[in-house]
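See structure below.
Here is the naming used below: chain letters follow the sequence lines, and residue numbers restart at 1 for every chain.
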Amino acid sequence: MPTDSEIAVVNQYLARLEKAFGHVPSAERDELVEEVRGHVLERIEAAPHVTEQVVNEILRAVGDPRELAAQHKTEAMLRQAVASRSPWTLLRSTLRWAGTGVVGVISLLVTMTGYGCAAVCYLSVFLKPLFPARIGLWLRPEHTLTLGYWDGRFSGTEVYGISVRPPVSFVLGTLGPTQGPVRELLGPWLFPVGVVCGGLFVVVTTLLTRWLIRRFGLQRRSRSRPPEPTTDPVAVSRFPARF
Amino acid sequence: MAKTAGNDADRWEAQLRKGCLEMAILASLWKRRLYGLEILRTLEQSSSLGLAEGTLYVILNRLKAEGLVHSEWVDSGSGHPRKYYWIAAPGKDRLRSMARFWVVFCTDLDGLLAPVLDRKELDRAHR
């Protein structure tokens, strides 16, 4: 029979778990905490001699509350993202995913680049009426094509936006200053072209991000971890080393 | 150098176990309803998968969200209810396709690995 202090240790653990779940919907959080609570109590009931050390071993085997909550929250967020069309949701999810590994970081870069390009297209459309001589599709001397904002200088000129320089250069930002004439190519056609290109970037990025999450995020999130070796002989006899 | 090789082997084993967890959990639910601790015990008895205990509940939660398992709280009479899980029809389909792939995969690799281990090691591995 566990003493009050051992029960307090369990309750502290469950409170930390509940706190770590943070913004997880309360029904889901309560259910998970209740399930872990039942698991811990049953482990304790199965122990022949309950000591605080045994209780701590049991809790250690269950796992660190923050890690468990982080694992659950990342999974829940990725599941939500797979069904979502919201760039904000997809960006938040890939940002969280990026904290767990290389594939997540690559996905975040892909998502940020795609939505970044869409943002440049839409910003160009909205800012064109305010800065008609500075916003456009600019052709620079070294055959660099840039959609965005030109600083208006004729020497050391810079254009900020999406830049493409054949055959391989692609930059979201600026490619650096150049000398020579800068020519605007679209004029009023920037409005339809900007809207269509922005839409295409959003659609392609959304589909690609959702595919990346489905393919690499959700299938591989389960964590397998052999527990730390336990030194307590009672705990060893009750709880096999593998678990 | 030897330490690095050992770490690589450990990492490979961990990855392999990780990849099999979902299949093993679904397989443990193939014939009957089980609650979390029973699933852990089943995995312990019939596989060498290492699993942090709390992680099981995160995986079960995901399997449930994906519609692969169903769950229900049952009063155990011991003062705390137990959440029982059973495999759903899509879960059975998923597990069948996993099992088919697994059997072919293992058979092919067994043939490839046969010359690597001597008879004694093979017997020991099969035990």
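- Summarising the local packing, CZ of Phe126(A) is surrounded by 12 or fewer heavy atoms from other residues, nucleotides or ligands at distances under 6.0 Å.
- The neighbour count for Asp108(B) CG, taken as heavy atoms of other residues, nucleotides or ligands under 6.0 Å away, is above 12.
- The shortest side-chain heavy-atom distance between Leu78(A) and Arg62(B) does not fall under the 4.5 Å cut-off.
- Glu31(A) and Lys64(B) are joined by a salt bridge, as a carboxylate oxygen and a charged side-chain nitrogen come within less than 4.0 angstrom of each other.
- Note on Glu53(B) versus Arg43(A): salt bridge recorded, some NZ/NE/NH1/NH2 to OD/OE distance being below 4.0 Å.
- Distance OG1/Thr55(B) to NE2/His72(A): 13.0 Å, rounded to 0.5 Å.
- In summary, Glu42(A) and Arg82(B) engage in a salt bridge, as defined by a charged side-chain N under 4.0 Å from a carboxylate O.
- Asn61(B) is listed as a side-chain neighbour of Glu28(A), based on a closest heavy-atom distance under 4.5 Å.
- Aromatic rings from Tyr57(B) and His39(A) are positioned such that their centres are separated by under 6.0 Å.
- Taking a 6.0 Å sphere around CE of Met112(A), one finds it holds 12 or fewer heavy atoms contributed by other residues, nucleotides or ligands.
- Listed here is the closest heavy atom pair of Pro81(B) and Glu34(A): CD-OE2, 3.7 Å.
- The heavy-atom pair separating Val58(B) from Leu68(A) by the smallest distance is CG2-O, 4.0 Å.
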